[in-house]
Participant: 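Handing you this structure, nothing more for now.
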Amino acid sequence: MNSQTYSDKSGQVLSPASAVSARTSIHSGRLKRLREQLLGYVFLAPSLVVFILFLFYPMVRSVYLSFQLTDPRGRVAAYAGLDNYTQMFQSSDFWSSLWITVEFTLLTVPVGLILGLLCASLVHSAGRGSKIFRFIFSLPLALSVGTASILWMILYHPSLGMLNYLLGQIGIGPIQWLTDPGAALGSVSLMTVWMNSGFPFVLLLAAIQGLDNDVMDSSRIDGASMWRTFFSIKLPLLSPTLFFLAVVSIMNAFQSFGQINILTRGGPAGSTDVLVYSIYREAFINYQFGTGSALAIVLFVLMLLLTAIQFLVLGKKVHYQ
Amino acid sequence: MRAISHPRHPFRLSSHYGLLILLSLLVLGPLLYLLAQIFMTPDEASQYPPKLLPSSFYMGELKNAIDTVPIFGFIINSFVLATAIMVLQVLTAALAAYAFVYIRFSGSRFWFALFISTMMIPWEVTIIPNYLTIKGWGWLDSFQGLIVPFAASAFGVFLLRQFYMQLPRELFEAARVDGCGHFRHFVSIVLPLSGPAGASLAVYVFLNGWNQYLWPLLVTSSDAMRTVQIGIAMLQFEELTSWNLVLCGVALVLVPSFVLLALGLKPLVRGITAGAVKG
């Protein structure tokens, strides 16, 4: 700010008589700039240190470890070259784990978004009592993966659980929610949609409330039906929020771990073995830090690709005002 | 304005509310089940066909859960962890955001881009080396190990930077004229003014800390260091015989979250929406 007025150039055109005083002011200007420079880094330092120690360095070390064989204590035992990767790409477990992750994403993300949109639209256009409903639909924000998973584990109990009891009342036979390989991923997804339903709702409600009411009203006066107004006007206007939510939800789905670890431990028969669970299993159950790191790098690359694809492909179709 | 958007037709009105009630029952269902279970006696809870409602407000199981399970220890651990992470993250984020907005230093754009790029690194990718680091430092099963890796976040820096950019510039100029240095400006003007954005960040960070699962699972091993989420999950494997004891534990763990949500829904929503509209 101040330092700019004392630039070197102005010092050069000064007469010799004023040179001495000019030099001191150049000096103090430089000092000020240096101080400012230093201060910038002092303010950044706390965050920077944490990022370097717990994000950048581990990122590099993950890449390094993925080319190594390690002993159970995490020390590098031998250079493995690309072995970890070739083994991984040749194993059917890896591909099935990848596919399960994609399936899990497809089962949770679209349903979550549609449900959030439905609840938010209904709450927004409800008159009396909308506050109560808003509170109810926001409640899942307080849930955690630990508490929600335990609750559903009890609900899912095959013989004594409430869900099978209620289904029995309407004549549907007991479902082996968590022990049938064909049902387990669906059960985990159902619980995940419930647990995560607060976030899309809150975000979409805020977005709907921020829409220009005049546009909505004039379209209604024009005689457009509720559904047409919704699909041809509201939805395009909400697309930036939906787009953001899609990105965040897909990333979340790819990083799911807690509910899998508590409800199924990747089973039965590997049917819920999502990517992050397989990282955990390799590194912290089998103590294969090298192959675990290779899996982690795959996760990282996938996340980068996902972000890039979403911004390139979807980004164009999103309506920004 | 609101009147126009009302579905006026009585049939439409009732179907509108019907759908709302149905959806809220789906969301509330498991929570209502939880609420009913915690007031049941062990006998009632284990009946089949299951009872929907307790016959009275029996508090014995809640008391039992508090007595037999180190649940308060878990709650205190999680509280310390979440509070420490919250304070540290708000502080480091405020400092960095201040530097990006008010201090002119070369490379500031580069550092900001680098900070933002850290949001692209999924935490799970760094978890193996981080575990080895914490283990190497002898920080396993300690508060430092639980807290320090989360002492800073790019999201926080981003959120507060957006907020600081909206603060009137004149405040800063006036303070400079008064000879107020960066530290004093930060402590006496910017920090007190970051209330709204700081509150959003604080609620968000606290809830995240309270709900952490994978990292505490890896770095804690003794009962004395277990956090609520891990402790509650362990309980369930040990005490499989009495469900509603486990559910009482779940309820006790959920209480602080619900209280915080009820008090902090507004700042939380503001924080979430601020994160959604990246500039």
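We use all heavy atoms of the structure for the numbers below, so side chains are in, but hydrogens, waters and symmetry mates are not. By convention in this document, chain letters (A, B, ...) are assigned in the order of the sequence lines, proteins followed by strands, and residues within each chain are numbered from 1.
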Participant: Any non-hydrogen side-chain atom of Val190(B) less than 4.5 Å from a side-chain atom of His185(B)?
Facilitator: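 They are in side-chain contact.
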Participant: Against chain B, label Tyr57(A) side chain, backbone, both or neither, depending on which of its atoms sit under 4.5 Å from a heavy atom there.
Facilitator: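 Side chain of Tyr57(A) only, per the 4.5 Å heavy-atom cut-off to chain B.
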Participant: Give, as side chain, backbone, both or neither, the part of Trp123(B) having an atom under 4.5 angstrom from any heavy atom of chain A.
Facilitator: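 Both backbone and side chain of Trp123(B) come within 4.5 Å of chain A.
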Participant: For Tyr131(B) and Trp215(B), does a side-chain donor sit closer than 3.5 Å to a side-chain acceptor?
Facilitator: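 Absent: no donor and acceptor within the cut-off.
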Participant: Side chain, backbone, both or neither: which part of Tyr33(B) has a heavy atom under 4.5 Å from chain A?
Facilitator: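 Just the side chain, heavy atoms under 4.5 Å.
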Participant: Is the charged tip of Arg265(A) near the ring of Tyr277(A): under 6.0 Å from the six-membered ring centre and within 45° of its axis?
Facilitator: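 Checked: cation-pi criterion not met.
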Participant: Would a 4.5 Å heavy-atom cut-off, applied to side chains only, mark His16(B) and Ser125(A) as touching?
Facilitator: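 Yes, at least one pair of side-chain atoms sits under 4.5 Å.
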Participant: Kindly indicate, with the supporting measurements, whether the criterion side-chain hydrogen bond (donor to acceptor under 3.5 Å, both in side chains) is fulfilled by Asn164(A) and Tyr156(A).
Facilitator: CA-CA 7 Å; Asn164(A) 271 351; Tyr156(A) 278 147; over 6 Å; no
Participant: For Ala154(B), is it the side chain, the backbone, both or neither that has a heavy atom under 4.5 Å from a heavy atom of chain A?
Facilitator: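 Both backbone and side chain of Ala154(B) come within 4.5 Å of chain A.
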Participant: Does atom CD1 (Ile132(A)) have a neighbourhood of more than 12 heavy atoms from anything else shown, all under 6.0 Å?
Facilitator: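 Open: at most 12 neighbouring heavy atoms sit under 6.0 Å from CD1 of Ile132(A).
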Participant: Return the option, out of Thr118(B), Leu207(B), Leu91(B), Ile230(B), with the maximum number of heavy-atom pairs under 4.5 Å with chain A.
Facilitator: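 Greatest number of close heavy-atom pairs with chain A: Thr118(B).
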Participant: Which atoms of Leu163(A) are under 4.5 Å from chain B, going by heavy atoms: the side chain, the backbone, both sets, or neither?
Facilitator: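 Neither; nothing under 4.5 Å.
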Participant: Under a 4.5 Å cut-off applied to non-hydrogen side-chain atoms, are Tyr64(A) and Val76(A) in contact?
Facilitator: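 Answer yes - side chains close enough.
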Participant: Between Asp71(A) and Tyr287(A), is there a side-chain donor-acceptor contact under 3.5 Å, judged purely by atom types and distance?
Facilitator: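 The answer is no; no qualifying pair exists.
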Participant: Of the backbone (N, CA, C, O) and the side chain (C-beta and beyond), which part of Met303(A) lies under 4.5 Å from a heavy atom of chain B, both, or neither?
Facilitator: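 Just its side chain gets close to chain B.
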Participant: Looking at Val50(A), Val145(A), Val276(A), Leu245(A), which has the largest count of heavy-atom pairs under 4.5 Å with chain B?
Facilitator: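 Of the options given, most contacts go to Val50(A).
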Participant: I'd like to know which of Leu254(B), Thr133(B), Leu260(B), Val259(B) tops the heavy-atom pair count under 4.5 Å against chain A.
Facilitator: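 Option with the greatest count: Leu254(B).
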Participant: At a heavy-atom separation under 4.5 Å, does Phe254(A) approach chain B through its side chain, its backbone, both, or neither?
Facilitator: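 It is neither, since no heavy atom gets under 4.5 Å.
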Participant: Which one, Asn208(B), Leu34(B), Leu217(B), Leu88(B), leads in non-hydrogen pairs under 4.5 Å with chain A?
Facilitator: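 Of the options given, most contacts go to Leu217(B).
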Participant: Phe284(A) versus chain B, heavy atoms under 4.5 Å apart: side chain, backbone, both or neither?
Facilitator: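 The side chain, not the backbone.
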Participant: Can you tell which part of Leu155(A) gets under 4.5 Å to a heavy atom of chain B, answering side chain, backbone, both or neither?
Facilitator: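 Contact with chain B is through the side chain of Leu155(A) alone.
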Participant: Does the ring centre of Phe155(B) sit less than 6.0 Å away from the ring centre of Tyr204(B)?
Facilitator: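 Yes: the rings meet the under 6.0 Å criterion.
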Participant: Compute the ring centroids of Phe158(B) and Phe115(B), then answer whether they are less than 6.0 Å apart.
Facilitator: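 Centroid separation for Phe158(B) and Phe115(B): 6.0 Å or greater.
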Participant: Select one option (side chain, backbone, both, neither) describing which atoms of Phe257(A) are under 4.5 Å from chain B's heavy atoms.
Facilitator: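 The side chain, not the backbone.
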Participant: Testing the 3.5 Å rule here: is there a donor-acceptor pair between the side chains of Gln288(A) and Glu282(A)?
Facilitator: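 No, no side-chain donor-acceptor contact under 3.5 Å.
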Participant: Please flag which part of Ile134(B) lies under 4.5 Å from any non-hydrogen atom of chain A: side chain, backbone, both or neither.
Facilitator: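 The side chain, not the backbone.
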Participant: Can you tell me which portion of Ser108(B) sits under 4.5 Å from chain A's heavy atoms? Options are side chain, backbone, both or neither.
Facilitator: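 No part of it gets close to chain A.
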Participant: May I ask you to name which of Leu115(A), Leu55(A), Val298(A), Leu275(A) has the most heavy-atom pairs under 4.5 Å with chain B?
Facilitator: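 Between Leu115(A), Leu55(A), Val298(A), Leu275(A), the count favours Leu55(A).
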Participant: Checking heavy atoms, do the side chain of Leu122(A), its backbone, both or neither come under 4.5 Å from chain B?
Facilitator: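 For Leu122(A), the contact with chain B is made by backbone and side chain together.
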Participant: Short question: side chain of Ser78(B), backbone of Val228(B) - any donor-acceptor pair under 3.5 Å?
Facilitator: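 Yes.
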Participant: With a 4.5 angstrom heavy-atom cut-off, is it the side chain or the backbone of Leu114(B) that approaches chain A, or both, or neither?
Facilitator: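 Contact with chain A involves both backbone and side-chain atoms of Leu114(B).
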Participant: Is Phe186(B) close to Phe183(B) at the side-chain level, that is, under 4.5 Å between some pair of heavy atoms?
Facilitator: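 No - every pair of side-chain heavy atoms lies 4.5 Å or more apart.
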Participant: With chain A as the partner, which of Thr92(B), Leu26(B), Asn130(B), Thr126(B) has the greatest number of non-hydrogen pairs under 4.5 Å?
Facilitator: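 The answer is Asn130(B).
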Participant: Under a 4.5 Å cutoff for heavy-atom pairs, which residue among Val250(B), Ile128(B), Leu19(B) has the most contacts with chain A?
Facilitator: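 Top count of heavy-atom pairs under 4.5 Å with chain A: Ile128(B).
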Participant: Which atoms of Phe289(A) are under 4.5 Å from chain B, going by heavy atoms: the side chain, the backbone, both sets, or neither?
Facilitator: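 Backbone plus side chain of Phe289(A), per the 4.5 Å heavy-atom cut-off to chain B.
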Participant: Between atom OG of Ser47(A) and atom CD of Gln89(B), what is the distance when rounded to the nearest 0.5 Å?
Facilitator: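 Ser47(A) atom OG to Gln89(B) atom CD measures 9.0 Å (nearest 0.5 Å).
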Participant: Indicate yes or no: at least one non-hydrogen side-chain atom of Leu31(B) is less than 4.5 angstrom from one of Trp194(A).
Facilitator: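 In short, these two side chains touch, coming nearer than 4.5 Å.
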Participant: Highest number of heavy-atom pairs under 4.5 Å with chain B: which of Leu304(A), Leu143(A), Leu38(A), Leu65(A)?
Facilitator: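 Heavy-atom pairs under 4.5 Å are most numerous for Leu143(A).
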Participant: For each of Ile127(B), Ile21(B), Ile121(B), Val157(B), tally heavy-atom pairs with chain A at distances under 4.5 Å, and name the one with the top tally.
Facilitator: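 Option with the top pair count is Ile121(B).
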Participant: May I ask you to name which of Arg61(A), Gln169(A), Gln255(A) has the most heavy-atom pairs under 4.5 Å with chain B?
Facilitator: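 Among the listed options, the one with the most contacts to chain B is Gln255(A).
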Participant: So, Gln37(A) side chain and Ser106(B) main chain: donor-acceptor pair closer than 3.5 Å or not?
Facilitator: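 A pair under 3.5 Å: yes.
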Participant: Under a 4.5 Å heavy-atom cut-off, does chain B meet the side chain of Val49(A), its backbone, both or neither?
Facilitator: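 Neither the backbone nor the side chain of Val49(A) comes within 4.5 Å of chain B.
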Participant: Could you tell me which of Val60(A), Ile279(A), Leu139(A) has the largest number of non-hydrogen atom pairs under 4.5 Å with chain B?
Facilitator: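 Max contact count across the listed options: Leu139(A).
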Participant: Under 4.5 Å heavy-atom distance to chain A, tell me which part of Leu23(B) shows up: side chain, backbone, both or neither.
Facilitator: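 Backbone plus side chain of Leu23(B), per the 4.5 Å heavy-atom cut-off to chain A.
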Participant: Who among Phe54(A), Trp152(A), Tyr41(A) has the most heavy-atom pairs with chain B under 4.5 Å?
Facilitator: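 The option with the most such pairs is Phe54(A).
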Participant: Just checking, any donor-acceptor pair under 3.5 angstrom between side chains of Gln229(B) and Ser144(A)?
Facilitator: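 Side-chain D/A pair, Gln229(B) to Ser144(A): present.
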Participant: Is it the backbone or the side chain of Leu48(A) that comes under 4.5 Å from a heavy atom of chain B, or both, or neither?
Facilitator: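 Its backbone and side chain both get close to chain B.
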